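Here is the structure we will look at.
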2 protein chains.
Amino acid sequence: MVTIYDIAKYANVSPMTVSRVINNSINIKATTREKVERAIKELGYIPNAAARSLTSNQTKTLGLILTDITNPYFSKIARGVEDVAVEKGYRVLISNTDEDSDKEVNYIDMMISARVDGVLITPTSDKTIDQVERLRKHNIQVVLLDRTIEGFEGDYVIGDSYLGTQQLVQHLIDYGHQNIALINGPANVSTARERARGYLETLKQNGLEVYEHYLSELDYKHAQEGKAKEILKRLLSLEADKCPTAIFAANNFIAVSAIRSLRELGLSVPDDISVVCFDEVEPIVYFDPFFTVAAQPAIEFGRVGIQLLIERVEEKEAGIRQQVILPPVIHIRKSTMKRS
Amino acid sequence: MVTIYDIAKYANVSPMTVSRVINNSINIKATTREKVERAIKELGYIPNAAARSLTSNQTKTLGLILTDITNPYFSKIARGVEDVAVEKGYRVLISNTDEDSDKEVNYIDMMISARVDGVLITPTSDKTIDQVERLRKHNIQVVLLDRTIEGFEGDYVIGDSYLGTQQLVQHLIDYGHQNIALINGPANVSTARERARGYLETLKQNGLEVYEHYLSELDYKHAQEGKAKEILKRLLSLEADKCPTAIFAANNFIAVSAIRSLRELGLSVPDDISVVCFDEVEPIVYFDPFFTVAAQPAIEFGRVGIQLLIERVEEKEAGIRQQVILPPVIHIRKSTMKRS
DNA sequence: TCATAAATTGTTATCGGTAACAAACAAAAG
DNA sequence: CTTTTGTTTGTTACCGATAACAATTTATGA
């Protein structure tokens with residue numbers, strides 16, 4: 001492995017001078033600089049980041065903790081993060097919690113041992129506050145992504161779950177639906193709470209009753225057809241006047257599970273029942289726009305989130321909290337139909 | 001930041017003893033070990049990976065270079081990689097080249113400066129061989145993923161593009177299609193070459209003629225509706241007896257672009273024209289299985305690829321080359337129709 | 001009981017950079 | 001042609017961990 005010492009010897013200068021050239025210090029004689037740069041090129045030297053970080057106390061590495069990169073919503077976020085990070089000279093360590101707080105703890109350990117400069121994280125639940133504390137104790141900046149957690153003081157980038165839900169539910173009501181069931185995410189996730197609030201308040205604002213039976217929960221995860229089917233069976237077995245004519249799915253995965261289950265139960269969307277959800281269902285949207293959704297600007301979430309994080313990292317003391325709430329965009333498509 | 005020196009002082013031993021406890025060395029008195037472990041827990045010590053890597057010459061970090069994490073095919077690969085890597089105690093640095101070899105060079109630099117132990121890479125083109133050389137010069141192991149490159153000697157995990165193409169084309173022929181157009185990926189990517197070969201040979205084996213006009217190229221990238229539309233316009237303007245009744249799209253993105261363009265041109269799939277492609281189109285498949293595809297075990301690609309890489313990393317000298325070729329699975333669905 | 005082997009712990013140097021200070025050299029001023 | 005100041009380069013110590021060796025303690029056997 002070639003080091004500054006090799007370069008130094010090759011260029012007949014001291015290692016320190018090499019270091020100065022690498023870091024574009026002032027006060028280097030032009031001829032010396034050229035000599036060193038030639039040596040660097042000829043020997044193919046690339047600085048050792050580990051050694052650097054040891055003195056500089058920064059690794060130029062950031063952690064990105066998501067629930068599942070396989071969800072297009074998160075892969076887009078990851079993409080946004082990656083692009084901005086690289087642009088600003090940072091590397092990105094990535095990991096998937098699967099909404100599992102034990103995994104989350106392990107990944108936080110990993111991030112701490114890597115001494116990342118900051119972590120951008122989609123917390124699994126309110127319990128994640130402990131992990132935030134731990135990171136901060138290790139002097140690692142934290143920005144939350146997609147969700148907040150109780151008691152968190154700091155920067156975050158989230159979508160407006162309340163607003164999006166309100167708009168979707170209102171859309172259903174405008175389409176003549178009165179019996180709207182909510183299949184929500186886990187109540188210990190802030191987005192689920194906000195979506196529940198949006199759902200309940202919008203119903204109330206429209207003078208509609210909320211049946212206890214209309215509320216159920218699934219994980220925000222992939223492939224839960226089994227549980228989804230049970231929920232739907234239960235919903236569909238309600239008396240005719242209480243049987244839901246529309247379903248609000250709290251995210252894209254839940255919506256896909258729901259529609260699959262509905263089909264298996266012999267119902268078709270939107271003819272028999274309408275479905276709306278949060279987050280775009282890709283790449284279906286490019287190919288055959290079907291889902292009525294509250295689309296969130298996922299790439300933008302990533303870009304903004306990592307930007308905030310980098311700002312925090314680069315000016316530690318930094319001032320006021322940056323809490324960005326990006327509004328969703330409602331797309332009315334084929335999964336909802338007017339009740340006649 | 002708490003270091004072994006802090007632990008040492010707190011536990012009244014030498015730093016070296018602390019190091020020994022951390023690394024589970026033998027010959028530590030039980031009482032000493034407990035004392036140190038208690039100190040570690042109480043002070044919340046986590047080893048500094050950078051410092052470690054300086055002496056050990058390994059970072060326990062691996063690089064994953066993909067073309068675009070936004071493509072579900074690659075996000076699944078990334079997921080497989082991540083899972084196995086973490087399981088084996090490695091971190092993963094991730095990056096997206098967008099099939100751009102300049103970006104690729106930058107990311108390779110990044111990986112070298114991070115002194116990753118190995119890189120798992122989807123090469124952008126045959127030119128990537130230079131980058132492989134560079135990595136190796138820096139003593140970094142390389143495993144190729146999804147594609148090979150000319151002149152490469154080493155491990156790789158790829159799909160059987162030839163076989164998959166053959167089966168898809170044969171399926172089209174069995175369905176009565178004689179005029180099958182190929183919209184391929186870039187010829188400097190091995191999968192595209194193999195798919196072209198599979199296409200041409202299967203046609204020949206069936207005594208079908210190949211029209212020059214049937215061959216065209218797109219990037220393996222997202223959102224190329226413009227170019228796709230041009231290609232399709234040209235194809236559809238051929239005389240009736242030469243006008244394709246089926247299209248072989250070299251990957252999922254190309255297929256989606258093609259179908260979108262076809263629709264804009266007033267044609268529907270499969271009624272007017274059949275379409276097949278490589279790689280699953282998710283999550284459509286869960287929701288409404290539509291595409292006839294050669295599905296590749298993406299997660300498995302990732303898992304196997306990173307496993308090979310880790311093996312190489314952990315026993316440098318290692319023996320014979322591991323060249324894994326995983327067969328695709330053909331799913332015949334609704335995007336193809338029998339010609340009557 | 002004392003020498004010797006085995007187990008346990010400590011010291012020093014090092015990995016590849018850089019900060020802080022010191023030295024050498026060149027240019028400007030008297 | 002000195003002196004002074006400013007430029008440029010070099011030395012030393014350190015970041016946090018560990019390998020290699022040294023020292024100390026404990027156990028074993030004659």
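Numbered from 1 within each chain, the chains take letters A, B, ... in sequence-line order. Since we're looking at a predicted model, the values are computed, not measured. When reading the values below, keep in mind they use all heavy atoms of this one structure, side chains included, and skip hydrogens, waters and symmetry mates.
- For A:Ile28, the listed nucleotide lying nearest its side chain is D:dT9; candidates were C:dG17, D:dT9, D:dA17.
- Taking each heavy atom of B:Thr61 and A:Leu93 in turn, the nearest pair found is CG2-CD2, 4.5 Å.
- Remark: B:Ile65 CD1 to B:Met110 CE distance equals 7.5 Å, nearest 0.5 Å.
- Counting non-hydrogen atoms of neighbouring residues, nucleotides and ligands closer than 6.0 angstrom, the NZ atom of A:Lys103 exceeds 12 such neighbours.
- Using a 4.0 Å heavy-atom distance criterion, A:Val13 is classed as a sugar-phosphate-only contact.
- Nearest to the side chain of B:Pro47, among C:dT9, D:dA17, D:dG10, sits D:dA17.
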Could you walk me through whether A:Arg91 and B:Ser113 satisfy the side chain to side chain donor-acceptor pair (under 3.5 Å) test, starting with their C-alpha distance in whole Å, then the side-chain angles of each, then the deciding distance to 0.1 Å, before giving a yes or no?
CA-CA 10 Å; A:Arg91 301 178 200 83; B:Ser113 76; 3.0 Å; yes
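- Here D:dT18 is the nucleotide among D:dT18, C:dG17, C:dC15 with the atom lying nearest to any side-chain atom of B:Asn23.
- Residue B:Asn27 has its side chain nearest to C:dT8 when only D:dT8, C:dT8, C:dG10 are considered.
- At whole-Å resolution of the value, CD1 in B:Ile4 and P in D:dC15 are 12 Å apart.
- At the phosphate of C:dC15, neither OP1 nor OP2 sits under 4.0 Å from any side-chain N or O atom of A:Thr3.
- Mapping B:Ile26 and B:Asn57 onto DNA chain C by nearest heavy atom places B:Ile26 at the nucleotide closer to the 5' end.
- Rounding to whole angstrom units, CG of residue A:Asn48 and C1' of C:dT14 are separated by 14 Å.
- Side-chain contact between A:Arg79 and B:Asp98 is present, with at least one heavy-atom pair separated by less than 4.5 Å.
- Atom C1' of nucleotide D:dT9 and atom CZ of A:Arg33 are separated by 13 Å, given to the nearest angstrom.
- When rounded to the nearest whole Å, the span between CD1 of A:Ile40 and P of C:dG17 equals 10 Å.
- Overall, the helix from C:dT1-D:dA30 to C:dG30-D:dC1 carries an axis bend of 50° between its ends, with five pairs at each end and the value rounded to 10°.
- Side-chain N/O atoms of A:Tyr45 include one lying less than 4.0 angstrom from OP1 or OP2 on C:dG17.
- For the residue pair A:Tyr73 and A:Asp146, a side-chain donor N or O sits within less than 3.5 Å of a side-chain acceptor on the partner.
- Closest approach of B:Gln296 to B:Phe301, counting heavy atoms only: OE1-CZ, 3.4 Å.
- Residue contacts for B:Thr32: at a heavy-atom cut-off of 4.0 Å it reaches the sugar-phosphate backbone alone, with no base atom in range.
- Along DNA chain D, the nucleotide nearest to B:Ala50 and the one nearest to A:Ala30 differ in position, and the one closer to the 5' end is contacted by A:Ala30.
- Counting to the nearest Å, the P atom of C:dT18 and the OH atom of A:Tyr5 are 10 Å from each other.
- Nearest to the side-chain atoms of B:Ser19 among the listed nucleotides D:dG16, D:dT18, C:dT8 stands D:dT18.
- Here B:Thr55 does not reach the OP1 or OP2 of C:dC15: none of its side-chain N or O atoms lies under 4.0 Å away.
- The side chain of B:Ser14 approaches C:dG10 more closely than any other nucleotide in the set C:dG10, D:dA17, C:dG16.
- Separation of atoms OG (A:Ser95) and CD1 (A:Ile69) is listed at 9.5 Å; rounding is to 0.5 Å.
- The nearest whole Å value for the distance from the CE atom in B:Met1 to the P atom in D:dG16 is 9 Å.
- Between B:Glu104 and B:Arg134 there is no salt bridge, since none of the side-chain N atoms of the basic residue sits less than 4.0 Å from a carboxylate O of the acidic one.
- Summarising the geometry, the separation between NZ on A:Lys35 and C1' on D:dG10 is reported as 13 Å, rounded to the nearest angstrom.
- OP1 or OP2 of C:dG10 lies within a sub-4.0 Å distance of a side-chain N or O belonging to B:Thr17.
- Not one side-chain nitrogen or oxygen of A:Arg20 sits closer than 4.0 Å to the OP1 or OP2 atom of C:dT18.
- Rounded to an integer number of Å, the gap from B:Ile22 CD1 to D:dG16 P is 13 Å.
- In the set C:dT8, C:dT11, C:dT18, C:dT11 carries the atom at the smallest distance from any side-chain atom of B:Met16.
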